[in-house]
Each structure stands twice: as C-alpha cells, then as structure tokens.
Amino acid sequence: MESPRDILKRHGLRAKYSWGQNFLGDEDALEAIADALNLRADEPVVELGPGLGHLTRFLAATGARVTAVERDRDMVMVLEKEAIPGVRVVSGNAATVDFAQVAGAPDVAVAGNLPYHLTSPILFRVLEQRAHVSRAVFTLQKEVVERLAAEPGNRDYGLLTVLLGMHYDAENVLTLEAWRFHPPPKVDSAVLRLTRRKSPRAPIIDEARFTRVVKASFAHRRKTLINSIKSDPTLGTTETLIAALEAAGVDPQRRAETLTPEEFAAIERALGPLTPATSTPAE
Ligand SMILES: C[S@@+](CC[C@H](N)C(=O)[O-])C[C@H]1O[C@@H](n2cnc3c(N)ncnc32)[C@H](O)[C@@H]1O
C-alpha cells in the first residue's frame with residue numbers, strides 16, 4: 001500500500017495541522033481496526049475523516065458499503081481521484097453528520113480516526129444517534145480511550161464513561177504508538193470499540209435528566225456527590241437531592257467517580273416523575 005507521504009507527494013499536498021491530519025499507513029494496524037468492526041458483506045459503514053483513504057480501503061475490502069465523510073476539500077479531491085471501489089465520498093462535517101441519512105440505511109457501523117478536538121462532539125453525536133449506530137471504532141488519544149473504558153473508582157472514570165456506558169459496551173482494542181502516523185502526533189493513540197447494548201444498562205425515567213444528574217455530579221470532582229450535584233438547581237432542592245440519594249442507596253458523601261452507571265440511574269429514578277420544573281432539556 002502506498003504510504004501517506006507518497007500519496008500526498010503525488011497529489012502535491014502536505015498534511016495540514018489545522019485539520020488534525022496525522023495519517024495512518026500501517027497495514028497491520030489498519031487491518032486490526034477494520035477487523036474490530038466485524039463488518040458483514042454489504043453492511044453500511046460510515047467512515048468519518050477518511051483522509052487519504054488508507055482505512056477506507058481496508059473497510060471496503062470487507063465487502064461493506066462505505067460512505068466516507070471528509071471535510072477537507074483537498075482530501076475529497078484525492079479520494080475522488082483514487083476512486084476506491086465500494087466507496088462513496090461525501091463532503092461534510094463529521095461532527096454534525098446524520099448517520100442514517102448519509103448512509104441511506106437505518107442502522108450503521110461507524111469508523112473514524114479524527115482530530116482529537118472532535119472527540120467529544122463525535123462521541124456525543126453517536127450517543128444522540130444511538131438508534132442508528134450499532135457499533136463504532138474510533139482512534140483517539142490513548143488517555144481518552146483509557147478513560148472511556150475505565151471502571152468506577154479509577155481516576156480516569158468520568159462523565160462520558162457513564163453516559164456512553166449506559167448504552168454501549170466500551171473496549172480498548174489496540175494501542176497505536178505515535179510513530180505509526182505521518183506526521184507523528186505528540187501523544188500515543190488507542191482504538192476504542194463501542195458496541196450498542198440490547199437495552200440500557202439500567203432503567204431511567206428521562207434521558208435528559210439522567211444526563212444532567214451525571215454532568216452535575218462530575219462538575220466538581222473534588223467535592224462530595226451532594227455538594228457537586230446540588231450545583232444544578234433544575235434537579236431540585238438540597239433536601240430533595242439528599243432524599244433521592246438516600247432512596248437510591250447512595251451515600252451523599254461519596255464522590256462521583258466511585259458510582260456505577262446503575263447507581264446514577266437509581267438516583268435519576270429516585271427524583272421521581274418529571275414535573276415542568278424538572279424537565280429542562282440537557283444542553
Ligand atoms: C487524523 S486524520 C486521519 C485520516 C485517515 N483516517 C487516516 O487514518 O489516515 C483526520 C482526518 O479527518 C479530517 N477532518 C478534520 N475535521 C473534520 C470534520 N469536521 N469532518 C470530517 N472530516 C474531518 C481531516 O481532514 C483528516 O483527513
């Protein structure tokens with residue numbers, strides 16, 4: 001396979017820092033990433049930020065139908081000229097993509113090696129569109145993957161770990177050292193695999209309120225749970241919140257990073273049915 005450096009040279013281009021362009025041309029790694037999705041022939045897969053098309057070729061080789069969404073016009077031009085069989089190239093923004101619409105299918109697999117600053121927007125996007133995303137593999141900063149795959153009690157455990165963990169099983173499937181990329185980024189990467197669960201990890205009454213409970217709980221990591229959670233006035237008074245924590249069997253003096261997703265769900269349920277005052281949507 002032609003190296004990223006050679007493809008760039010052939011098209012008279014350079015990797016652009018502003019687009020987070022660190023290309024992966026390592027065949028073993030690319031094969032492992034494509035394998036991690038376990039694609040079926042003809043299955044629709046959306047690739048975010050395909051760049052020069054290295055991972056794209058491995059995805060297409062599985063027989064899956066690839067829709068590649070790229071924002072840099074130069075990369076779109078390269079992909080159109082390379083015309084990889086089985087691949088449709090779409091000029092668009094990965095952070096706002098409508099997965100089902102772009103792939104023309106109700107349920108898709110997603111792959112992406114994206115600029116690190118897009119990590120949270122993309123993961124929140126997947127959560128929002130989880131009815132249409134059966135699984136995903138993302139190459140991200142190694143620390144971020146460790147955080148997302150962490151268990152409660154681990155210092156890496158955080159907001160997105162809990163929110164994603166309600167609906168997806170998250171695994172760290174591969175470490176990719178910085179030197180494997182062209183040009184090498186400053187930090188090592190890892191590959192996160194998300195597999196949608198058949199049902200949420202625990203029942204909740206309202207998704208938006210669950211998100212607010214978890215956000216408020218992690219808003220002040222050094223504070224106790226009660227002192228942190230009460231920072232969101234839409235969740236109720238301090239007395240209501242203490243009563244909800246007690247009803248959920250959660251000690252108000254604990255810290256957010258020690259709670260399981262199931263315990264956050266129990267707190268949300270203990271807040272009771274929604275009233276107009278508690279039904280503000282999450283941002
Ligand atoms: C880290 S490079 C990876 C390229 C390729 N997937 C690879 O592994 O070699 C990130 C890619 O995402 C593209 N990109 C950056 N921002 C984007 C956005 N908002 N939407 C879609 N693609 C984007 C960049 O132009 C670049 O091609």
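Because only heavy atoms are used, hydrogens play no part in the values below, and waters and symmetry mates are left out as well, while side chains stay in. Position 1 is the first residue of the sequence, and the numbers go up from there. Order of appearance sets the numbers: ligands from 1, and atoms from 1 within every ligand.
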**Prompt:** Which atoms of ligand 1 sit under 4.0 Å from any heavy atom of N93?
**Reply:** 18 (C), 19 (N), 20 (N)
**Message:** Using a 4.0 Å cutoff against the non-hydrogen atoms of P115, which atoms of ligand 1 qualify?
**Reply:** 10 (C), 12 (O), 15 (C), 16 (N)
**Item:** D72 neighbourhood, listing ligand 1 atoms whose heavy-atom distance to it stays under 4.0 Å
**Value:** 25 (O)
**Message:** Taking 4.0 angstrom as the limit and counting only heavy atoms of N22, give me the atoms of ligand 1 inside it, by number and element.
**Reply:** 1 (C), 2 (S), 3 (C)
**Request:** Return yes if some donor-acceptor pair links the side-chain N/O of R254 with the main-chain N/O of I226 below 3.5 Å, else return no.
**Result:** no
**Prompt:** Which heavy atom of the protein is the closest neighbour of atom 11 (C) of ligand 1, given with residue, atom name and distance?
**Reply:** G49 O, 3.5 Å
**Item:** Side-chain donor or acceptor of H132 paired with backbone N/O of P106 under 3.5 Å
**Value:** yes
**Message:** Less than 4.0 angstrom from a charged side-chain N to a carboxylate O is my criterion; do E31 and R57 meet it?
**Reply:** no
**Asked** Is there a donor-acceptor pair closer than 3.5 Å between any side-chain N or O of E268 and the backbone N or O of I204?
**Response** no
**Message:** Looking at K230 and E239, is any side-chain nitrogen of the basic one under 4.0 Å from a carboxylate oxygen of the acidic one?
**Reply:** no
**Item:** Salt bridge flag under 4.0 Å for residues R180 and D28
**Value:** no
**Message:** Using a 3.5 Å distance criterion without hydrogens, assess whether the side chain of N172 forms a donor-acceptor pair with backbone atoms of L192.
**Reply:** no
**Item:** Nearest-neighbour protein heavy atom for atom 5 (C) of ligand 1, which is reported as residue plus atom name and distance
**Value:** P50 O, 3.4 Å
**Request:** Could you list the atoms of ligand 1 found under 4.0 angstrom from a heavy atom of V69?
**Result:** 21 (C), 22 (N)
**Prompt:** If you measure from each non-hydrogen atom of R71 to ligand 1, which part falls under 4.0 Å: side chain, backbone, both or neither?
**Reply:** both
**Item:** Nearest-contact summary for atom 1 (C) of ligand 1 - protein heavy atom, Å
**Value:** G20 O, 3.0 Å
**Prompt:** Is the backbone N or O of V45 less than 3.5 Å from a side-chain atom of R65, with the two atoms forming a donor-acceptor pair by type?
**Reply:** no
**Asked** Looking only at protein heavy atoms, which one is nearest to atom 20 (N) of ligand 1, and how far off is it?
**Response** A94 N, 2.8 Å
**Protein contact of atom 13 (C) of ligand 1 - nearest heavy atom, named by residue and atom, plus distance** = E70 OE2, 3.3 Å
**Prompt:** Taking heavy atoms and a distance under 4.0 Å, where does L118 meet ligand 1: side chain, backbone, both or neither?
**Reply:** side chain
**Prompt:** Who's the nearest protein heavy-atom neighbour of atom 10 (C) of ligand 1, and how far?
**Reply:** N113 O, 3.3 Å
**Top protein contact for atom 9 (O) of ligand 1, by heavy-atom distance** = L24 N, 2.9 Å
**ring pair (Phe, Tyr, Trp, His ring centres under 6.0 Å) partners for F218, two or more places apart** = F264
**Asked** Which residues satisfy the salt bridge (Lys or Arg N to Asp or Glu O under 4.0 Å) test with R197, sequence neighbours excluded?
**Response** D169
**Prompt:** Which ligand 1 atoms are under 4.0 Å away from a heavy-atom of G92?
**Reply:** 20 (N), 21 (C)
**Short side-chain to backbone donor-acceptor contact, E47 and V110, under 3.5 Å** = no
**Complete:** If we number the atoms of ligand 1 from 1 as shown, the ones under 4.0 Å from a heavy atom of W19 are 15 (C), 16 (N), 24 (C), 25 (O)
**Identity and distance of the protein heavy atom lying nearest atom 26 (C) of ligand 1** = Q21 CG, 3.6 Å
